[in-house]
Amino acid sequence: TRTPVNVTVTGAAGQIGYALLFRIASGHLLGADVPVNLRLLEIPQGLKAGEGVAMELDDCAFPLLRDITVTDQANVAFDGANVALLVGARPRTAGMERGDLLSANGGIFGPQGKAINDNAADDIKVLVVGNPANTNALIAQRNAPDVPAERFTAMTRLDHNRAVAQLAKKAGVTVEDVKKVTIWGNHSATQYPDLFHAEISGKAAFDAVGADQEWVEKFFIPKVAKRGAEIIEVRGASSAASAANAAIDHVHTWVNGTPEGDWTSMGIVSDGSYGVPAGLISSFPVTTKDGKFEIVQGLDLSEFDRKRIDASVAELAEERDAVQELGLI
Ligand code: NAX
């Protein structure tokens, strides 16, 4: 039998946590033959609810679930962690300025980055879900100088999956026929969902959806970029199960690889590719293999692509400058 993998989830008592933990424990994150230990990190006010979730996990009698720890101590939660899903964050509340939001999250992701640095296993892989995800990931990464920078990633897989679903619907095909979609930039309304390098049933996606530039600009891009707000309006609560599903997809793809002829989108530390300043955590098209990822190189960017990517990357640079000024990185 295999040694269990230690998976840490922060914000474990929240709504994404509730949609995530049962799937991790049933083998969807790492595979049907990989046992897991769960480490649930919450703030003191969330501990009791976290204990309740742990009780329900026990009650599922999942064959792969070995051990569960519920704690409000980051050093305990990240001790020996192989995979860390950083979901808990400080949401923006009415009247909150960006500086307040960034410093509140710096107070969470700085110490968590340090706790990962000091306690996690050598093969630690980190996914930041909590918003602002890219910049929170940057803060955690900069506070973990002993961990290779590429182990810190931010989630744009939900945006990616949303784009795939919209394209499949428009082209009248199944999602499996849609390949090579990219989310570029920040997980925010400035993100650039790119269909121009995508394929549908082996053809250029743009042609498969009717070569309609107006549809791309007026419908597709805003639909994907503003889907989170639409879900809140219609469901009365923010995306939870779809966000948890995307987190599962992100880690599963990272560990198990992208299929031949396709790629995925991940927020990763830029190496300067496509003119994205090195060091920013920005979303790129990536392929994965054997637990490592590579940015897809050599894509021809049109002026339209360039403008959209630059706008989102400019926002990331502003966020980085703001957290630098606040002394968070
Ligand atoms: P909830 O408010 O339901 O849950 C958050 C949980 O985190 C709470 O139980 C809270 O006690 C806990 N928490 C707060 N600070 C913590 C800390 N320092 N350490 C440990 N736990 C802490 O939010 P939920 O709906 O689960 O969303 C979680 C985060 O995901 C939010 O920041 C949200 O904006 C973000 N999202 C990111 C998405 C993405 O695509 N990257 C999409 C979905 C989601 O909006």
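Order of listing sets the numbers, starting from 1, for every ligand and every atom in it. In this chain, numbering begins with 1 at the start of the sequence shown.
- Within 4.0 Å of ligand 1, heavy atoms belong to protein residues Gly11, Ala13, Gly14, Gln15, Ile16, Leu41, Glu42, Ile43, Val87, Gly88, Ala89, Ile108, Gln112, Val129, Gly130, Asn131, Met155, Leu158, His187, Ser238, Ser239, Ala243.
- Hydrophobic clustering, defined by side-chain heavy atoms of Ile, Leu, Val, Met, Phe, Trp and Tyr closer than 4.5 Å, groups Met96 together with Leu101.
- Atom-to-atom distance recorded for Ile200:CD1 and Asp207:CG is 9.5 Å, nearest 0.5 angstrom.
- Taking NE2 of His250 as the reference point, atom CG of Leu127 lies at 4.5 Å (rounded to 0.5 Å).
- Here the CZ-OG distance, from Arg320 to Ser282, works out to 11.5 Å after rounding to the nearest 0.5 Å.
- Expressed to the nearest 0.5 Å, how far CE of Met266 lies from OG1 of Thr258 amounts to 10.0 Å.
- A salt bridge links Glu230 with Arg227: the distance from a Lys NZ or Arg NE/NH1/NH2 to an Asp or Glu carboxylate oxygen falls below 4.0 Å.
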